[in-house]
J.: 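What follows is a structure written as structure tokens; I'll ask about it next.
What's counted below: heavy atoms across the whole structure, side chains too, no hydrogens, waters or symmetry copies.
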There are 2 protein chains.
Amino acid sequence: MISNLEYYKVFYTVAKEGSLTKAARELHISQPAVSQALKQLETQLDTVLFVRASRGVHLTPEGELLSSYVQSGLEQLLHGEAELMRRKNMEVGEVRIGASDMTLEFFLLPYLERFHEHHPEIKVLVTNGPTPETLQYLTAGKIDFGLVSSPDVDDPHIRAIPVREVEDVFVCGRRFLPYKNKTLDLKELEHLPIISLEQNTSSRRYMDQFLSENGVTIQPEFELAGSNMIVQFAERNLGVGCVARDFAEQQLKEGTLFALRFNQLIPKRHFSLVSLKNTALSVAAQNLVDLILETR
Amino acid sequence: MISNLEYYKVFYTVAKEGSLTKAARELHISQPAVSQALKQLETQLDTVLFVRASRGVHLTPEGELLSSYVQSGLEQLLHGEAELMRRKNMEVGEVRIGASDMTLEFFLLPYLERFHEHHPEIKVLVTNGPTPETLQYLTAGKIDFGLVSSPDVDDPHIRAIPVREVEDVFVCGRRFLPYKNKTLDLKELEHLPIISLEQNTSSRRYMDQFLSENGVTIQPEFELAGSNMIVQFAERNLGVGCVARDFAEQQLKEGTLFALRFNQLIPKRHFSLVSLKNTALSVAAQNLVDLILETR
DNA sequence: TGCTTGCTATAAGTTTATATTATATCATGC
DNA sequence: GCATGATATAATATAAACTTATAGCAAGCA
């Protein structure tokens, strides 16, 4: 390749204008500068590219050949720059997010709403899945960042920023009124009809882990697929539901359900924003992350 | 467009190698030079293109985007240079020539043969046609150069280089033996049965012009389409043929025909190589022209 | 922890190449 | 034959890029 690609900019302009003088004006340099650049180019390629006439210049057949390549080459570069600017100014682009149902519903949604309002041109792709799947997607480069509810991220390449607390509660209806305003021992859960999530979920694992650390083992009467279901089961007094507080928020406010109180605090979990440490976020993704972190 | 396209060469190499140090080695410059060039590029585009890590660098999403364009852009330029070299070294290319039957047969053919022998990869396209058509093709850019037999080229944009003399002769067979070794006056042609080319040919016009300048007007008994035919007619003693000497060369040598001699020389015509003054020839075309001019 | 390794970044000074100004040269058209 | 409008050349100035030396930083390892 020739020593200085800048020469091609000169070549391109001269070919377009058919005159060194005009090209010089367009390039905002002097006419001799153009003359010398062309000379350099012709010397390096060992080919005469222009026929110099008294009324300007025009391409030789070889110059003509080269010109077509130079034109499309430079336009490619220019197009690349233009696309880059559009992405940088967020006129186009996409953000790929991995999130669980819970983080999406109780945390992410309002941010996505605001983001989309400000940047309607940016496509937002949400891949719904539990924590392990989200982390897998992250390392595979399929998502820009994720929002997970589990606190246990041990991959050293992943950075997790807690963005919100999550409180796990045991909720129940009037059938269990005697327990209201009483402070229970965790051990008593073993004798209550528990309604919880299935075993393969991270929320369930978290709770089981915590309870077992305190010598408590529960054998739920109902194991359901969704937290919403658990709340409904609890409302119908089928047992004591174990869910993140958010799912039962309304019922707790209305008094349909109440939360059991224990002599020991159930440690809070966090929603965490996870991203790859050694990978940069796209402008759009970074923008959304900033929005989340600034106003969390 | 960015101020210095050289930066893209650096960008491309760094992206390919994933390391400033390796890129510097490949570009035969120092590592700081690479670092500075990237910094310039990032500043000018106002975009971070690489994530710097301790084990090298890798592209940001924006860098990735730009990279695809830069890659194809630079490859385009490189491909252009490669094609140019191939044309310059005559590994590919074509030469378009306009020539009449006569110039082709009695002049050009051996040159084309030699040229093709030396440069078998170069396509040679010969467009057969009389002088005016050849000149028209030339100005239209349909041929690189032409070979014509007429001396009258008045277009100021066309350069005509005489390459060979052509002698017009009047030839006849034994029926006209009495005229052999006699020096005739041109006037006597008026009483001989002339065999000549059709009126719309430039050879015919040339001869008519010359004769009329000398007060002679001929009324041919035969007007034929080709000079070869004229020679055959003359051999059968149907009259006195007017042709370029080349057509009757063999017959004159064998004695089947002889040429009339006049007290006034018929001015010689020339085969001329015509090309456009203000247009450069392709390397291949120039090469063939040089071959012709060197050994004419 | 501290050491080594393998990177990139920064600073200062030098070199190189590119630009400018002034002027020469050349062909064209009036 | 001279004015015009173009490109080329020469000398000088300027600015950009390169180099060397060195700092800084993160990761891997003892």
J.: Is there side-chain contact between B:Asp144 and B:Thr279, with heavy atoms separated by less than 4.5 Å?
T.: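 In short, these two side chains do not touch, never coming nearer than 4.5 Å.
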
J.: Atom CG of B:Leu41 and atom P of C:dT8: how far apart are they, to the nearest Å?
T.: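 It is 16 Å, rounded to the nearest whole Å.
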
J.: Counting only side-chain heavy atoms from C-beta out, which of C:dA9, D:dT7, D:dA27 sits nearest to B:Ser54?
T.: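 Nucleotide nearest to B:Ser54's side chain: D:dA27.
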
J.: Would you indicate which nucleotide in C:dT21, C:dA11, D:dC18 comes nearest to any side-chain atom of B:Ser30?
T.: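 Between C:dT21, C:dA11, D:dC18, the one nearest the side chain of B:Ser30 would be D:dC18.
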
J.: Reckon B:Asn4 has a side-chain N or O less than 4.0 Å from the OP1 or OP2 of D:dA17?
T.: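 For B:Asn4, the contact criterion (side-chain N or O under 4.0 Å from OP1 or OP2 of D:dA17) is met.
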
J.: Does D:dA8 have OP1 or OP2 sitting under 4.0 Å from an N or O in the side chain of A:Arg52?
T.: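 A:Arg52 to D:dA8 OP1/OP2: side-chain N or O found under 4.0 Å.
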
J.: With respect to the side chain of B:Leu20, which nucleotide from C:dT18, D:dC18, C:dA9 is positioned closest?
T.: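 Nearest to the side chain of B:Leu20 among the choices is C:dA9.
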
J.: Tell me: CD1 of A:Ile2 to P of C:dT18, nearest whole Å?
T.: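 In whole Å, C:dT18 P and A:Ile2 CD1 are 10 Å from each other.
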
J.: Ignoring the backbone of B:Thr21, work out which of C:dT18, C:dT8, D:dT7 is nearest its side chain.
T.: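 The nucleotide sitting nearest to the side chain is C:dT8.
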
J.: Check the distance between D:dA17's P and B:Phe11's CZ and give it to me in whole angstrom.
T.: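 Atom-to-atom, B:Phe11 to D:dA17, this comes out as 17 Å.
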
J.: Take the protein atom CD of A:Glu17 and the nucleotide atom P of D:dA6, then report the distance between them rounded to whole Å.
T.: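 Distance, rounded to whole Å: 12 Å.
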
J.: What is the distance, rounded to the nearest whole Å, between atom NE2 of A:His157 and atom P of D:dG28?
T.: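 So the NE2-P distance, A:His157 to D:dG28, works out to 8 Å.
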
J.: Indicate yes or no: does A:Arg114 engage A:Glu294 in a salt bridge with an N to O separation below 4.0 Å.
T.: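 Looking at A:Arg114 and A:Glu294, the cut-off is not met.
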
J.: Considering only side-chain heavy atoms of A:Ser19, which listed nucleotide, C:dG6, D:dT7, C:dA9, is closest?
T.: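 Taking heavy atoms from C-beta onward, the closest nucleotide is D:dT7.
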
J.: Counting side-chain heavy atoms from C-beta on, which of C:dT8, C:dT10, D:dT19 comes nearest to B:Lys39?
T.: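 In terms of side-chain proximity for B:Lys39, the closest of C:dT8, C:dT10, D:dT19 is C:dT10.
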
J.: Looking only at side-chain atoms of A:Tyr7, point me to the closest of D:dA16, C:dA9, C:dT18.
T.: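 Out of D:dA16, C:dA9, C:dT18, the nucleotide with an atom closest to A:Tyr7's side chain is C:dT18.
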
J.: For A:Gln31 and D:dA10, what is the distance between atoms CD and P respectively, to the nearest whole Å?
T.: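 Rounding to the nearest Å, CD of A:Gln31 and P of D:dA10 are 14 Å apart.
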
J.: Can you see which heavy atom on A:His270 is nearest to which on A:Val166, and at what distance?
T.: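 Heavy atoms of A:His270 and A:Val166 come nearest at C-CG2, 3.9 Å.
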
J.: Ion pair present between A:Lys39 and A:Glu42, side-chain N to carboxylate O less than 4.0 angstrom?
T.: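 So A:Lys39 does not pair with A:Glu42 through a salt bridge.
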
J.: Are any of the side-chain heavy atoms of B:Phe145 and B:Ile97 separated by less than 4.5 Å?
T.: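 Yes, their side chains come closer than 4.5 Å.
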
J.: Between A:Ala53 and A:His28, name the one whose nearest nucleotide on DNA chain C is closer to the 5' end.
T.: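 The residue closer to the strand's 5' end, by nearest nucleotide, is A:His28.
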
J.: Just wondering, do B:Leu5 and A:Leu74 contact through their side chains at under 4.5 Å, heavy atoms?
T.: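 Yes, close enough: below the 4.5 Å cut-off.
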
J.: In whole angstrom, give the distance that lies between atom CD of B:Gln36 and atom P of D:dA16.
T.: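 B:Gln36 atom CD is separated from D:dA16 atom P by 13 Å.
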
J.: Within the 4.0 Å heavy-atom criterion, would you say A:Gln40 contacts the bases, only the backbone, or no part of the nucleic acid?
T.: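 No contact at all - A:Gln40 keeps every heavy atom at 4.0 Å or more from the nucleic acid.
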
J.: Taking the minimum atom-to-atom distance to the side chain of A:Arg55, which one of C:dG29, C:dA9, D:dA16 wins?
T.: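 Selected nucleotide: C:dG29.
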
J.: Which part of the nucleic acid, if any, lies within reach of B:Phe50 when heavy atoms closer than 4.0 Å are counted: base, sugar-phosphate only, or nothing?
T.: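 Nothing, no heavy atom under 4.0 Å.
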
J.: To the nearest Å, give me how far apart CG (B:Asn278) and C1' (D:dA6) are.
T.: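 In whole Å, D:dA6 C1' lies 15 Å from B:Asn278 CG.
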
J.: Would you mind telling me which residue lines up with the more 5' stretch of DNA chain C, B:Lys22 or A:Ser3, judged by nearest nucleotide?
T.: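 Of the two residues, B:Lys22 wins.
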
